[in-house]
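First up is the structure itself, then whatever we jot down about it.
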Amino acid sequence: MNGVVFTFPDDVSPDALPEWLDWHVVTPGLGQLVAELTAIHGRPQRETTLDSLLAGNRARVLDAGLRELPREALGKLLKQPALLVELRDLVFAEGGDYWDRIDPEEMPPDRVERVVDEVTTTIAHEAKSLRGPKVPFYKWPLCVGFATAAAVLLGVYLIGWRPPTDKPTETAKATGVQWGWASADGLPKSGTDTQAFAHLGKAAKQWFDERPETPVALAQRISEFRQGCTALQFSTNLPLSEEEKTDLLARCKKWSAEFDVLLTRLEESRDVPAVRKDADELVNKLAKYLESREQATRGA
Amino acid sequence: MTAAPNEPTDESLALTAAARAADAQTAFGVLMRRYTVRLLRYLSSLSVPEADADDLASGVWFQVWQKLPAWKPDHFRGWLFTIARRRATDFHRTPTRAAPLDGMAEPTAKGPSAEQVAVDREFADKLRKCHEKMPDKFRLVFDRMMAGESYEQIAEWEQVPLGTVQSRINRARTALKKCVGLEVSAGEESDES
């Protein structure tokens, strides 16, 4: 619809103008308003940014609309209407419930359910198609685990190595991984939160003790770290407070997914330096988190 | 709709979905139900017709699901609406309209923006020319009003009575409407004379 500027509210109440603008920000036709305001005011001589315009009123505007903005700032917004587009994106991404109530038209609930159903069905279909027999062997964490275990057994036989007297964890027994969280002493068994985070951080950094140069060696190394995440998830006696444990396990799930993505990338690209670099970054990121929790819980 | 204080945050739900654990789809379902209304309204504000908006919203959610494992934990809602904006731009750019859910390519941000799509440029150009042609004494008060100034402020600045400001604004508005070819009501006609 053209001629939007002719619906500009008369000077009847202080809230009429901000409410009129709020409505245009979240409904179709904002582009036309911007074009018409630009036709009237021309290009602004001194451009400002939305951040500096909202300044200390940002949170209040996101919560309750443009009535929270001083009249002078509102004027700047009208003279530089391209900012309204930025404001629109901001309120949809960060705005409170006020912005949902501006357009009174009810959204039929079955519309939402249709979208949810379609996506859910597609996701289920995708998951089903991924569970095929085409997954290469080194993407199977257990397969890599067994291969590692076999290699370790062979090593034991050849060099006469004896396992440590400490009772290994179930995962370590299953995989034979000798470093990181999947190893026998990779997970903390007692102590404070601070000590547990320090233990986990130290074990995680063992990732850097070896620098695999071939795709298979790197796949195995990533897979071993990934198994450490599984060991962490299944651990029943982590010496952490409930709050810390919940947060750590949620992150651990995320890290596991990221290791899976790295394995898939390695399989597809065989690009050892690139994938190793990203794996290094991931390990650094999680080590940084553990370090930050170690410091935060110190003295708590 | 946003998360209530006793409900799981967007970010914790997104992390659960990202991990692809047993409860991943449940967590993702909560996120979808929390934001699909707002997402549909956003697509509408980006000039996506209602007939296409549902497909596009499904495409946005599916892309979010696919990208979640590599998502760097941050503000989930901001990320969701950035993806929506890109896909809306892609929608306006491509003649084939909404891409199917499967095998979708990463949308690009080139081409006309959602704002540019729905603009009557000819009208805006006509408005600019008519506005330039207006006598100064009308244009100045009209511009001040369009910059959010109150009639009182304008009267003070122009050193004229309040009624004069009101009258000039009405006359400016009516003259502009006529010039751009919009219908003028009888009341507006009488204001002008």
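Just so it is clear: chains get the letters A, B, ... in the order the sequence lines come, proteins before strands, and each one is counted from 1. No experiment lies behind these values; they were computed from the predicted model shown. When reading the values below, keep in mind they use all heavy atoms of this one structure, side chains included, and skip hydrogens, waters and symmetry mates.
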With a 4.5 angstrom heavy-atom cut-off, could you sort out which part of [X] is near chain A: side chain, backbone, both or neither?
{"X": "F76(B)", "result": "neither"}
{"X": "R173(B)", "result": "both"}
{"X": "E122(B)", "result": "neither"}
{"X": "Q166(B)", "result": "neither"}
{"X": "L176(B)", "result": "both"}
{"X": "A57(B)", "result": "both"}
{"X": "V180(B)", "result": "side chain"}

Provide the closest heavy-atom pair for [X] versus [Y] in the form atom of the first, atom of the second, distance.
{"X": "G148(B)", "Y": "L17(A)", "result": "CA-CD2, 3.6 Å"}
{"X": "H131(B)", "Y": "I40(A)", "result": "CE1-O, 3.1 Å"}
{"X": "E258(A)", "Y": "P69(B)", "result": "CG-O, 3.2 Å"}
{"X": "A124(B)", "Y": "A39(A)", "result": "O-CB, 3.4 Å"}
{"X": "M32(B)", "Y": "T120(A)", "result": "CE-OG1, 3.8 Å"}
{"X": "D143(B)", "Y": "H41(A)", "result": "O-CE1, 3.5 Å"}

Tell me, for [X] versus chain B, whether the close heavy atoms (under 4.5 Å) come from the side chain, the backbone, both or neither.
{"X": "S256(A)", "result": "neither"}
{"X": "L37(A)", "result": "side chain"}
{"X": "V116(A)", "result": "both"}
{"X": "D10(A)", "result": "both"}
{"X": "V5(A)", "result": "both"}
{"X": "E113(A)", "result": "side chain"}

To the nearest 0.5 angstrom, please state how far the [atom1] atom of [X] sits from the [atom2] atom of [Y].
{"X": "R114(A)", "Y": "D54(B)", "atom1": "CZ", "atom2": "CG", "answer": "5.5 Å"}
{"X": "R38(B)", "Y": "D97(A)", "atom1": "CZ", "atom2": "CG", "answer": "7.0 Å"}
{"X": "R121(B)", "Y": "N2(A)", "atom1": "CZ", "atom2": "CG", "answer": "13.5 Å"}
{"X": "I123(A)", "Y": "Q25(B)", "atom1": "CD1", "atom2": "CD", "answer": "5.5 Å"}
{"X": "D117(A)", "Y": "S58(B)", "atom1": "CG", "atom2": "OG", "answer": "9.5 Å"}
{"X": "F142(B)", "Y": "F8(A)", "atom1": "CZ", "atom2": "CZ", "answer": "8.5 Å"}

Using a cut-off of under 4.5 Å for heavy-atom pairs, which of [options] has the most such pairs with chain A?
{"options": "R139(B), Q153(B), R20(B), R128(B)", "answer": "R128(B)"}
{"options": "W65(B), F28(B), F123(B), W61(B)", "answer": "F123(B)"}
{"options": "K126(B), H75(B), R144(B), E152(B)", "answer": "H75(B)"}
{"options": "A18(B), A17(B), S44(B)", "answer": "S44(B)"}

**Message:** In the structure I gave you, are the side-chain heavy atoms of R41(B) and F92(A) within less than 4.5 Å of one another anywhere?
**Reply:** yes
**Prompt:** Is any side-chain heavy atom of E36(A) less than 4.5 Å from a side-chain heavy atom of M146(B)?
**Reply:** no
**Message:** With a sphere of 6.0 Å drawn around CD of E156(B), does it hold more than 12 non-hydrogen atoms of other residues, nucleotides or ligands?
**Reply:** no
**Request:** Quick one: which of K79(A), E72(A), E94(A) has the most heavy-atom pairs under 4.5 Å with chain B, could you say?
**Result:** E94(A)
**Request:** Could you tell me whether E149(B) and R71(A) make a salt bridge, using a distance below 4.0 angstrom between a side-chain N and a carboxylate O?
**Result:** no
**Asked** Is there a donor-acceptor pair under 3.5 Å between the side chain of E118(A) and the backbone N or O of D55(B)?
**Response** no
